[in-house]
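Presented below is the structure to which this report refers.
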Amino acid sequence: MDESVAIDAKRILLRYGAPIAVLDSVPDAKRIEFARIIARTTLADREKELKRMLQEQGFMEG
């Protein structure tokens with residue numbers, strides 16, 4: 001996996017409200033997966049969708 005892709009994914013997730021402490025526990029492959037989903041989500045729903053995904057996957061509490 002290209003490290004620049006993982007870095008870009010982390011930046012995208014941070015931009016839409018993922019706490020950095022939470023992202024540190026998310027593997028690179030999951031970060032990329034989440035970022036791809038967020039990129040296809042409407043702008044207005046991105047923050048809410050990201051938090052929902054992180055909660056569903058057990059990385060963040062509600």
Side-chain angles (χ1 to χ4, degrees):
M1 174 182 349
D2 188 1
E3 188 173 324
S4 66
V5 174
I7 292 169
D8 287 342
K10 187 173 184 178
R11 285 184 185 140
I12 289 167
L13 299 176
L14 288 169
R15 179 178 299 140
Y16 292 107
I20 195 161
V22 170
L23 283 183
D24 287 343
S25 67
V26 178
D28 285 348
K30 273 291 184 191
R31 288 182 195 167
I32 293 166
E33 177 185 334
F34 290 160
R36 286 178 176 159
I37 293 168
I38 291 305
R40 292 187 302 259
T41 304
T42 61
L43 186 59
D45 295 330
R46 288 180 180 179
E47 184 174 348
K48 181 175 60 172
E49 179 67 11
L50 176 57
K51 288 183 180 179
R52 183 193 64 74
M53 287 188 302
L54 289 169
Q55 289 168 356
E56 278 184 0
Q57 295 288 319
F59 294 110
M60 193 169 101
E61 292 185 20

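Just so it is clear, the values below take in all heavy atoms, side chains as well, and ignore hydrogens, waters and symmetry mates. Bear in mind that the values here come from a model prediction, so they are computed numbers and not experimental data.
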How close do Leu14 and Pro19 get, counting heavy atoms only, and between which atoms?
CD2-C, 4.5 Å
Look at atom CD of Glu56 and say whether more than 12 heavy atoms of other residues, nucleotides or ligands are closer to it than 6.0 Å.
yes
How far apart are the closest heavy atoms of Phe59 and Ser25, and which atoms are they?
CE2-O, 3.7 Å
Using a 6.0 Å cut-off, check whether atom CZ of Arg36 has over 12 heavy atoms from anything other than its own residue.
no
Flag the pair Tyr16 / Asp45 as yes when at least one side-chain heavy-atom distance between them is below 4.5 Å, and no otherwise.
no
Arg31 side chain to Leu13 backbone, donor-acceptor under 3.5 Å:
no
Reported CZ-to-CD distance for the pair Arg52 and Glu47, which is rounded to 0.5 angstrom:
14.0 Å
The test is side chain to side chain contact (heavy atoms under 4.5 Å, CB included); show your working for Ile38 and Met53 and say whether it passes.
CA-CA 10 Å; Ile38 291 305; Met53 287 188 302; 3.6 Å; yes
Separation of Lys10 NZ from Ile20 CD1 (nearest 0.5 Å)
4.5 Å
Would Ile32 and Met60 show up in the same hydrophobic cluster when neighbours are defined by side-chain heavy atoms closer than 4.5 Å?
no
Under 3.5 Å, side chain of Arg46 to main-chain N/O of Thr41, donor-acceptor pair present?
yes
Test Leu23 against Lys30 for side chain to side chain contact (heavy atoms under 4.5 Å, CB included), laying out the working first.
CA-CA 10 Å; Leu23 283 183; Lys30 273 291 184 191; over 6 Å; no
Flag yes if Val26 and Ile37 sit in one hydrophobic cluster, no otherwise; membership is Ile, Leu, Val, Met, Phe, Trp, Tyr, and two members link when side-chain heavy atoms are under 4.5 Å apart.
yes
Can you tell me how far CG of Leu50 sits from CD of Gln55, rounded to the nearest 0.5 angstrom?
9.5 Å
